[in-house]
Every structure is written in structure tokens, then in C-alpha cells.
Amino acid sequence: SAVISQKPSRDICQRGTSLTIQCQVDSQVTMMFWYRQQPGQSLTLIATANQGSEATYESGFVIDKFPISRPNLTFSTLTVSNMSPEDSSIYLCSVDKAFFGQGTRLTVV
Amino acid sequence: GENVEQHPSTLSVQEGDSAVIKCTYSDSASNYFPWYKQELGKRPQLIIDIRSNVGEKKDQRIAVTLNKTAKHFSLHITETQPEDSAVYFCAASHVRAQKLVFGQGTRLTINP
């Protein structure tokens with residue numbers, strides 16, 4: 001099993017600013033996944049973060065908007081850049097298809 | 001790419017009755033099918049999964065069935081209890097690819 005610590009748990013941000021979300025895993029994992037869950041909706045994969053290489057982004061998501069870092073096998077960050085109200089959502093990291101961080105509830109005003 | 005359709009979007013059953021949620025997938029290469037339970041304000045929790053070399057899997061009151069030919073899989077919850085009330089998501093992936101494609105979710109309500 002894996003335990004994921006994600007922070008912040010929630011934030012309210014001004015439009016045009018950026019927020020960096022962090023995920024720390026208690027074991028080494030090859031891939032970490034970042035999802036977005038809009039209110040009342042399902043989970044949509046943003047990107048897959050591999051250590052030592054560029055993240056792989058899904059259709060509709062771009063690196064300039066959602067830059068990802070993966071400096072080692074236990075840690076990753078997702079930045080939501082130049083935020084607008086449409087970015088208000090829950091962002092979750094995940095590993096091994098079974099474990100999720102507690103989520104970051106982002107509100108952009 | 002993979003597409004997963006989930007039905008129904010909402011389901012209300014009497015306590016003690018059974019609940020069934022169905023999903024279909026499009027990519028015949030998908031071979032791993034997990035189900036998640038998400039309670040309000042909490043993270044998704046893996047409750048059961050099935051691989052394509054198995055037709056059915058059961059864990060106490062929860063079972064999942066898979067029909068590879070028809071490309072659909074179902075979650076069955078028997079003897080439902082109020083604590084089963086939550087949103088349930090199905091998903092599909094290729095075991096090696098690891099990334100998941102989720103269904104739209106089913107809000108299950110158990111009425112006492």
C-alpha cells in the first residue's frame with residue numbers, strides 16, 4: 001500500500017495567480033498521476049509524471065498551464081498557472097491505480 | 001483512446017436490497033477494471049477490481065462481473081446498508097499503461 005500526503009487541502013486564489021500543489025508518497029513509485037475533478041463530475045487525467053523525464057499530458061491539458069515537477073520517486077508538484085474561475089476544481093494525485101491524495105479544493109475568485 | 005460509459009447516473013434503493021451499476025468500455029486492449037467509492041468531500045477509495053482473465057470476483061457484499069466480448073462490466077452490492085451511500089466510479093486501463101479512464105459516476109442512495 002501507499003500513503004499520499006497532498007497539500008494544500010484547499011485554497012482560495014485570485015485570478016491571474018498560480019498555485020502549486022504538492023504530493024508526497026511514503027514509498028518510491030515510477031509514475032504519479034494528476035487528476036482534476038470538477039464539482040459533481042468524474043475524474044479527468046491531466047498528466048502522468050515520470051521521474052527524470054517530461055510529464056505526459058492528456059488532450060486538452062498543456063504544460064504552460066499545468067507545469068509538473070517530479071524531482072524524485074516520492075514527490076511531485078502540479079502548478080495551476082494564470083488561474084481563472086474555470087480552474088476551480090479539486091485536484092488529486094494518485095499512484096498505483098489504488099491510492100489517491102486527499103485532494104486540493106481550489107477556488108479561483 | 002479509451003471511453004468508459006457508466007449507468008445509471010443516480011440510483012436509489014431500499015436498505016437491504018441489491019444495487020447494480022454498469023459500465024461499458026471501448027478499447028478491447030483494456031484489461032484492468034477497478035471500482036471506486038467516493039464519499040462526500042473525501043478521496044476515491046478502491047473497493048474492488050477485476051482483470052480480463054477473470055469473469056467474476058467477489059468480496060463479501062461486493063462483486064464485479066466482466067463480459068469481455070460485450071465490453072461491459074458491472075458492480076453488484078448486496079444487502080445494502082446506509083453506509084453504502086456514496087458516488088461510485090468505474091474505470092478501465094491497460095495494466096501496463098497504468099493510466100485510468102473513469103466513468104461518469106453513479107450517486108447511490110440507500111434509503112432506510
Side-chain angles (χ1 to χ4, degrees), chain A residues 1-10 21 23-26 28-51 53 55-61 68 70 73 76 89-107, chain B residues 1-10 21-27 30-52 57 59 62 64 73 75 86-109:
Chain A
S1 67
V3 176
I4 305 175
S5 298
Q6 181 175 344
K7 58 182 182 182
S9 58
R10 59 177 62 231
I21 302 167
C23 273
Q24 178 75 50
V25 189
D26 68 344
Q28 294 185 338
V29 293
T30 304
M31 288 188 253
M32 293 180 71
F33 301 88
W34 288 96
Y35 290 89
R36 181 174 72 184
Q37 187 174 27
Q38 295 179 305
Q41 303 294 314
S42 185
L43 288 80
T44 301
L45 182 64
I46 298 171
T48 303
N50 299 301
Q51 195 270 333
S53 65
T56 303
Y57 289 83
E58 298 299 308
S59 176
F61 299 96
I68 286 172
R70 184 80 201 277
L73 291 173
S76 179
S89 192
I90 297 172
Y91 294 85
L92 299 118
C93 59
S94 176
V95 302
D96 294 340
K97 301 178 188 173
F99 308 104
F100 289 83
Q102 59 264 54
T104 297
R105 182 179 295 274
L106 171 62
T107 303
Chain B
E2 176 65 276
N3 182 53
V4 178
E5 297 288 333
Q6 182 173 346
H7 299 280
S9 57
T10 61
I21 303 170
K22 299 181 179 182
C23 289
T24 60
Y25 62 99
S26 60
D27 188 349
S30 290
N31 56 6
Y32 176 69
F33 307 94
W35 286 88
Y36 301 87
K37 175 183 181 182
Q38 188 175 32
E39 297 177 39
L40 188 63
K42 298 195 174 180
R43 72 190 82 188
Q45 176 190 5
L46 176 69
I47 57 172
I48 196 167
D49 57 12
I50 192 167
R51 299 181 189 276
S52 60
K57 184 177 179 180
D59 182 4
I62 294 173
V64 56
F73 56 111
L75 177 71
V87 178
Y88 291 80
F89 293 99
C90 63
S93 83
H94 189 282
V95 170
R96 280 196 298 275
Q98 288 212 23
K99 74 176 188 179
L100 292 163
V101 177
F102 284 83
Q104 297 87 339
T106 297
R107 182 174 300 278
L108 175 63
T109 302

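Chain A is the first sequence line, chain B the second, and so forth, proteins listed ahead of strands; every chain is numbered from 1. What's counted below: heavy atoms across the whole structure, side chains too, no hydrogens, waters or symmetry copies.
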Just verifying a value: how many Å separate B/N31 CG and B/Y25 OH, rounded to the nearest 0.5 Å? 9.0 Å
Donor-acceptor contact below 3.5 Å, side chain B/N3 vs main chain B/S26: no
Report yes or no: does B/E2 contribute a side-chain atom to a donor-acceptor pair with the main-chain N or O of B/D27 at less than 3.5 Å? yes
So which residue, B/L46, B/L100, B/V87, ends up with the most heavy-atom pairs under 4.5 Å with chain A? B/L100
Taking atom NZ of B/K37 as the centre, does the number of heavy atoms from other residues, nucleotides or ligands within less than 6.0 Å exceed 12? yes
Please state whether the side chain, the backbone, both or neither of B/P34 comes within less than 4.5 Å of a heavy atom of chain A. neither
Is A/L43 close to chain B through its backbone or its side chain, or both, or neither, when contacts mean heavy atoms under 4.5 Å? both
Which atoms of A/Q41 come close to chain B, meaning under 4.5 Å heavy atom to heavy atom: side chain ones, backbone ones, both, or neither? backbone
Are any side-chain N or O atoms of A/Q6 and backbone N or O atoms of A/I21, one a donor and one an acceptor, separated by less than 3.5 Å? no
Which portion of A/F100 sits near chain B, non-hydrogen atoms under 4.5 angstrom: both
Which region of B/K99, side chain (C-beta onward) or backbone (N, CA, C, O), has a non-hydrogen atom less than 4.5 Å from a non-hydrogen atom of chain A, or is it both or neither? both
A/E58 portion near chain B, given a 4.5 angstrom heavy-atom threshold: side chain
Using distance alone, with no hydrogens and no angle criterion, decide if B/T106 and B/Q6 have a side-chain donor and acceptor under 3.5 Å apart. yes
Without hydrogens or angle criteria, can the side chains of A/Q37 and B/Q38 be said to hold a donor-acceptor pair below 3.5 Å? yes
Any idea which of B/G103, B/G105, B/A91 has the most non-hydrogen atom pairs under 4.5 angstrom with chain A? B/G103
Is it the side chain or the backbone of A/F99 that comes within 4.5 Å of chain B heavy atoms, both, or neither? neither
